[in-house]
Engineer: 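Below: one structure in structure tokens.
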Amino acid sequence: MSEKKIRVRFAPSPTGYLHIGGARTALFNYLFAKKYNGVFILRIEDTDELRSTKESMHSIFESLKWLGLSWDEGAIDEEREIGDFGPYIQSKREALGIYKKYAEELLKKGMAYYCYCTPKELEEMRLKAHLEKRPPKYDGRCRHLTQQQIKNFELEGRKPVIRFKMPDDGITSWNDLIHGELKFENKLLYDFIMIKASGYPTYNFACVVDDHLMDITHVIRGDDHISNTPLQINIYKAFGWELPNFAHLSMILGPDGTRLSKRHGATSISEYRKLGYLPHTMKNYLALLGWSTKDSQQIFEKGELEEKFDLEGCQKNPAIFDPVKLTWMNGEYIRKMTKDELYEASLPFLKEAGIDLSKASSNVADIVAIEQEKYKLLSDIPKLIDFFFTDEITYDEISVEKVLKKPGVRNILSEIKEVYEKIEIFTEVNIENATRQFCKEKGYKTSEVFHPVRVAVSGRSHGPTLFKMLEYIGKRRVLVRLEKSISFFLS
RNA sequence: GCCCUCAUCGUCUAGUGGCCUAGGACGCCGCCCUUUCAAGGCGGAAAUCACGGGUUCGAAUCCCGUUGAGGGCGCCA
């Protein structure tokens, strides 16, 4: 027997950048599609005429691409799309009259009606309900307007909205793939607006029409949509359409347990990119927010999430976003990179930091790789290797005080400088042999020599493995820096 | 206010009636390695399984209540 092809969608509204929460929703949809060989669709829900922007739409495309969440169907820019169920941008669908057509069908069936209430009236209604401690729901006063009343409203120039006639009793329930059986009493639901006065559809209506028309089999979204679901289900029922499966993902909260927002720091994917996180880190970390394998696996190789993801491993309770663990994970993935990958990834960050690569004392990829195990963020790279790219290094004051200004150091540096001058081929091995030989002959402890050399040559007391560092800095610069330390700090 | 959801170390989580004196990961602490800093290895502290009642020979696991947290109640999505 042929199983129905799984089709899922990520449906962001282009009113801002792609956020952590949105990216997580997109990721779970993507992984679910990959796991079951389904189709991942990107639909743009720009029915908010005031807040939707082209820029937001583009930044969402960009962030999704950066994360590697490629979609099989949907808009790829404002003009072009892929897939047979388009258009995939709701404003374009609206222009085609799709939503109006379906709204009219419900109107004809008597399951929807025109409402002439003004925003002011509605506000008063809510206020009154609040005072009387009732749920603030629309009272249905336009359900049974007479022809005369309608005529009068029209004469006044009022623009109507179309409301859905919600059943007054009964129960709406569904078997949520994450939460299990969920039910709502219909009498608590309300006659929500399907078509606004502007003619644009509202989210709850457009979403259902499109999910149906696009043959969506699984609606995977944040659990802030749980209370929208019974509203939407009643639309499906009114049309006699088959229900998709629903899966409501838990929310992601900030470190203080409240909804993730700007005050918690970076919230958009593009910011994390700029901070120096790897796309794979974001994928892996976000996957672990509300999902896990039976053995609580932490690190996933490329392609492994697509293989192991399952809705069954999804958590019902909200998860707190932990930047510390994210950063740890990024370090893990930076360490796994090949030298070439790391070099490629470092370029934009070196440029951003104003590093002049033409002044490199050795091969740039080698220099970048020398501190590979230390980077947690790509933006750490320039900070740790900048002294390979300049003739004028800056000296860390504390290191100068504690290491260089110790008695005897001047002598040691002068002597080691002579040793280094004599090394013909300035390589790690030769430098190390010569330095150790020197320590032995002069009776110095290795640390008495190694530390001052490090500070004299790099300007600080922490850094890469010493002899390789000297090789990469190069004989000329090493000698110059030793001389400078001797004459400047120790005179 | 009304409706809905959720509840295991500080955090992410494993756990679906006996294997739990509750496992893994981040973070934290200590030791080892070591020219520094990291990385790595080893070890440790850290959860009366929110609380209170049941059911059961037996409950983190099932039921009820309480509390707390989160979400929703827009001509926003």
Side-chain angles (χ1 to χ4, degrees), chain A residues 11-15 45-52 115 117-119 122-123 126 129-137 159-163 176 179 182-185 188-190 192-204 206-207 221-230 248 250-251 253 255 257-259 285 288-299 313 315-322 324-329 331-332 335 371-376 384 399 403 432 435-436 439 445-451 453-455 458 460-467 469:
Chain A
S13 62
T15 54
E45 305 213 328
D46 58 346
T47 56
D48 184 336
E49 312 100 300
L50 296 174
R51 291 192 296 161
S52 297
C115 167
C117 294
T118 61
L122 296 174
E123 189 47 48
R126 272 191 284 272
H130 183 75
L131 290 173
E132 290 171 11
K133 301 192 173 179
R134 286 185 290 108
K137 82 177 220 182
K159 281 254 185 269
V161 299
I162 301 175
R163 283 186 187 271
D176 195 276
H179 292 267
L182 253 27
K183 32 173 110 168
F184 287 77
E185 284 190 75
L188 267 5
L189 274 22
Y190 63 105
F192 69 90
I193 293 172
M194 304 188 322
I195 303 289
K196 311 177 202 175
S198 64
Y200 260 60
T202 59
Y203 162 72
N204 277 128
C207 176
R221 75 225 308 190
D223 70 13
D224 48 341
H225 284 294
I226 284 182
S227 48
N228 283 323
T229 307
H248 288 95
S250 58
M251 299 272 86
L253 310 175
T258 65
R259 202 174 189 159
Y285 181 71
L288 254 24
L289 242 33
W291 173 79
S292 65
T293 57
K294 295 282 180 216
D295 59 354
S296 202
Q297 181 177 345
Q298 301 294 310
I299 297 292
Q315 196 79 12
K316 293 194 243 185
N317 45 314
I320 290 173
F321 182 83
D322 180 8
V324 176
K325 184 165 178 179
L326 207 220
T327 303
W328 159 75
M329 196 176 273
E332 290 285 307
R335 267 171 253 127
E371 289 283 61
Q372 180 159 9
E373 73 273 15
K374 228 170 282 179
Y375 308 132
K376 293 226 186 285
L384 294 178
S399 301
V403 180
E432 175 156 13
T435 310
R436 289 192 187 276
C439 293
K445 284 197 289 183
T446 52
S447 59
E448 282 180 280
V449 176
F450 291 3
H451 292 309
V453 169
R454 172 182 297 288
V455 176
S458 71
R460 47 225 199 200
S461 45
H462 300 333
T465 183
L466 184 63
F467 303 106
M469 175 175 94

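Just so it is clear, the model here is predicted, and its values are computed rather than measured. Labels below follow one simple rule: chain letters A, B, ... track the order of the sequence lines, proteins then strands, and each chain is numbered from 1.
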Engineer: Let me see the working for A:Thr202 and A:Asn204 under side chain to side chain donor-acceptor pair (under 3.5 Å), right down to the final yes or no.
Structural biologist: CA-CA 6 Å; A:Thr202 59; A:Asn204 277 128; 5.8 Å; no
Engineer: Under 4.0 Å from OP1 or OP2 of B:C73: is there any side-chain N or O of A:Arg126 that close?
Structural biologist: no
Engineer: Would you indicate, yes or no, if B:A14 has its OP1 or OP2 atom less than 4.0 angstrom from a side-chain nitrogen or oxygen of A:Gln315?
Structural biologist: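 Yes.
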Engineer: By nearest atom, which of the nucleotides B:C75, B:U11, B:U35 is closest to the A:Arg163 side chain?
Structural biologist: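 Out of B:C75, B:U11, B:U35, the nucleotide with an atom closest to A:Arg163's side chain is B:C75.
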Engineer: Nearest 0.5 angstrom please: A:Lys376 NZ to A:Arg335 CZ, how far?
Structural biologist: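 It comes to 5.5 Å.
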Engineer: Check the angle between the aromatic planes of A:His179 and A:His248 and answer parallel, tilted or perpendicular using the 30° and 60° thresholds.
Structural biologist: tilted
Engineer: Among B:C76, B:G74, B:U13, which nucleotide has an atom closest to any side-chain atom of A:Lys196?
Structural biologist: B:C76
Engineer: Looking at A:Arg335, does any N or O in its side chain come under 4.0 Å of the phosphate oxygens OP1/OP2 on B:G40?
Structural biologist: yes
Engineer: Does any non-hydrogen side-chain atom of A:Ser250 lie less than 4.5 Å from one of A:Asn317?
Structural biologist: no
Engineer: Kindly point out which of B:U13, B:A77, B:G1 is positioned nearest to the side chain of A:Thr47?
Structural biologist: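 For the A:Thr47 side chain, the nearest candidate turns out to be B:A77.
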Engineer: Considering only atom C1', compute the distance from B:A22 to B:U8 and round it to an integer number of Å.
Structural biologist: 8 Å
Engineer: Could you go through nucleotides 25-30 of chain B and list every protein N or O atom that sits under 3.5 Å from one of its N or O atoms, giving the distance for each pair?
Structural biologist:
{"unit_1": "B:A25", "atom_1": "O2'", "unit_2": "A:Gln298", "atom_2": "OE1", "d": "3.3"}

Engineer: Between B:C9 atom C1' and A:Asn317 atom CG, what is the distance in whole Å?
Structural biologist: 15 Å
Engineer: Nearest-Å distance, CD1 (A:Ile320) to C1' (B:U11)?
Structural biologist: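 Spelled out: CD1 on A:Ile320 to C1' on B:U11 is 7 Å.
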Engineer: What is the base-pairing partner of B:A50, counting Watson-Crick and G-U wobble geometry with both distances under 3.5 Å?
Structural biologist: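 Checking every strand shown, B:A50 finds its partner in B:U66, with both distances under 3.5 Å.
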Engineer: Is there a side-chain contact between A:Arg259 and the phosphate of B:G72, meaning an N or O under 4.0 Å from OP1 or OP2?
Structural biologist: yes
Engineer: Please examine the side chains of A:Arg221 and A:Cys207, heavy atoms only from C-beta on, and report whether any two atoms are closer than 4.5 Å.
Structural biologist: yes
Engineer: Hey, does the side chain of A:Lys159 come within less than 4.0 Å of B:C75's phosphate (OP1/OP2), counting only N and O?
Structural biologist: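 Looking at the OP1 and OP2 atoms of B:C75, neither is under 4.0 Å from any side-chain N or O of A:Lys159.
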Engineer: Are there any protein N/O atoms within less than 3.5 Å of an N/O atom in nucleotides 64-69 of chain B, and if so, which ones and at what distance?
Structural biologist:
none

